[in-house]
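Below is one structure; the comments refer to it alone.
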Amino acid sequence: ARSMRQLLFMSDCEDCGLSLPDGTPVTNSNRSTYICSVLHSRLVGCRISQLDALRSGFLGMPQPIASHLLEDITPPELSLCLCGEDAISGKIVVDNLDFRLFEDSDATPQWLCDIIVDMPEKKLRSFLRLCTSLCSVPYGGWKKKIAVFKSSRLYSHTCFYQLELPSYHSRSELKQAVNTALSALDQCSAMQEDIINVFQ
């Protein structure tokens, strides 16, 4: 979101190295198209399978029945279908972590689990967004676990449900790094809201 905000307000973006989905380079004249495309992908694209399932379900019914069901569906039920389970806990998140490349003697994986279990709900949702771009457990449960790889940096790949994580010397050092990452993510979310407001 921060890079999109910078892209929106920078004086010249002719050589920024970004491309539209069709491969066209981003220029000063099409940068708003690029930003709208990215936002659409993040807000709608990640829910396409749920939207398709809803559409095929309703289209497969006789029209009077489908109309009746649509009238009766509540906003929380629709949110559940599109966004996933509302309930979340540290245990649910920890149970869906898959640590890779860490040595058995490395305490970092256990420290991360302990930190996650102690997180309040808002931070848990931020942690999920950091790793998966989702803020809740997907409807129907997890299709794949969040892979946590030993690395030289703390870095996430939301499309692949991956988190790179260095080995830390102490639990407090790891907690500070995670909190810093989550704070930066929250700041980016606030900037993204500013961008959306510009286009409204």
Side-chain angles (χ1 to χ4, degrees), residues 1-7 10 16-19 21 26 34-35 38-39 41-43 45-50 83-195:
R2 177 177 297 171
S3 61
M4 287 191 294
R5 182 181 175 85
Q6 290 170 344
L7 178 65
M10 68 189 338
C16 61
L18 299 171
S19 301
V26 172
Y34 170 79
I35 292 169
V38 170
L39 292 176
S41 172
R42 291 183 183 170
L43 297 174
C46 67
R47 297 177 175 91
I48 287 295
S49 61
Q50 292 95 326
C83 304
E85 302 285 344
D86 193 40
I88 189 171
S89 71
K91 183 179 183 325
I92 290 172
V93 176
V94 166
D95 287 347
N96 285 283
L97 297 179
D98 179 19
F99 291 95
R100 302 178 186 179
L101 305 179
F102 286 92
E103 296 175 9
D104 292 340
S105 59
D106 195 332
T108 301
Q110 185 58 53
W111 288 336
L112 180 63
C113 292
D114 294 342
I115 290 166
I116 291 171
V117 166
D118 291 340
M119 281 181 181
E121 181 179 325
K122 184 176 179 183
K123 266 198 176 164
L124 281 172
R125 293 189 188 283
S126 293
F127 181 80
L128 277 184
R129 266 198 2 262
L130 175 71
C131 301
T132 68
S133 80
L134 304 173
C135 58
S136 58
V137 177
Y139 181 62
W142 298 92
K143 301 293 185 275
K144 63 179 179 177
K145 292 191 172 189
I146 299 168
V148 184
F149 289 92
K150 183 176 179 180
S151 176
S152 58
R153 61 184 182 169
L154 198 162
Y155 193 83
S156 66
H157 306 272
T158 57
C159 293
F160 304 105
Y161 285 33
Q162 293 179 354
L163 177 68
E164 294 183 29
L165 190 70
S167 289
Y168 286 89
H169 299 296
S170 68
R171 184 181 187 275
S172 60
E173 183 186 8
L174 171 57
K175 185 174 183 178
Q176 182 179 354
V178 169
N179 285 339
T180 300
L182 297 183
S183 295
L185 180 68
D186 289 340
Q187 289 173 0
C188 288
S189 296
M191 290 179 194
Q192 192 169 18
E193 288 175 13
D194 291 344
I195 292 171

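Judged purely by atom type and a 3.5 angstrom limit, R171 has no side-chain atom pairing as donor or acceptor with the backbone of W111.
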Verify side-chain contact (heavy atoms from CB on, under 4.5 Å) between L128 and I88, making sure each step is shown before the conclusion.
CA-CA 10 Å; L128 277 184; I88 189 171; 3.3 Å; yes
So F102 and L165, side-chain contact (heavy atoms from CB on, under 4.5 Å) or not? Walk me through it.
CA-CA 10 Å; F102 286 92; L165 190 70; 4.1 Å; yes
Test side-chain contact (heavy atoms from CB on, under 4.5 Å) on L182 and M119; report intermediate values, then the result.
CA-CA 12 Å; L182 297 183; M119 281 181 181; 3.9 Å; yes
List the steps and the verdict of side-chain contact (heavy atoms from CB on, under 4.5 Å) for T108 and F99.
CA-CA 10 Å; T108 301; F99 291 95; over 6 Å; no
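For CD of E173, the number of neighbouring non-hydrogen atoms (other residues, nucleotides, ligands) closer than 6.0 Å is greater than 12. Environment of NZ in K91: sparse, with no more than 12 heavy atoms of neighbouring residues, nucleotides or ligands closer than 6.0 Å.
Taken to the nearest 0.5 Å, the OG atom of S126 stands 10.5 Å off from the CD atom of E121. The CD1 atom of I146 sits 11.0 Å away from the OG1 atom of T158 when rounded to the nearest 0.5 Å. Distance check, rounded to the nearest 0.5 Å: CG of D118 to CG of L124 gives 10.0 Å. Considering CG of D95 and CD1 of I116, their distance stands at 10.5 Å, rounded to 0.5 Å. Here the straight-line distance linking atom NZ of K175 with atom OG1 of T180 works out to 12.0 Å at 0.5 Å rounding.
Among pairs with a residue in residues 102-116, none fulfils salt bridge (Lys or Arg N to Asp or Glu O under 4.0 Å), at least two apart in sequence or across chains. For residues 147-160, the salt bridge (Lys or Arg N to Asp or Glu O under 4.0 Å) pairs, not counting sequence neighbours, are R153-E164.
Of all heavy-atom pairs spanning L97 and C113, the tightest one is CD1-SG, 4.4 Å. When all heavy atoms are compared, the tightest approach of P166 to S152 is CG-C, 3.9 Å. The heavy-atom pair separating V137 from A87 by the smallest distance is CG2-O, 4.2 Å.
Using a 4.5 Å cut-off on side-chain heavy atoms (C-beta onward), Y161 and D98 make no contact.
Residues passing the side-chain hydrogen bond (donor to acceptor under 3.5 Å, both in side chains) test with S156: none are found, sequence neighbours excluded. With sequence neighbours left out, K123 forms a side-chain hydrogen bond (donor to acceptor under 3.5 Å, both in side chains) with N179. Under the side-chain contact (heavy atoms from CB on, under 4.5 Å) criterion, F149 pairs with R100, L101, A147, Q162, sequence neighbours left out. For S172, the side-chain hydrogen bond (donor to acceptor under 3.5 Å, both in side chains) test picks out S170, with sequence neighbours left out.
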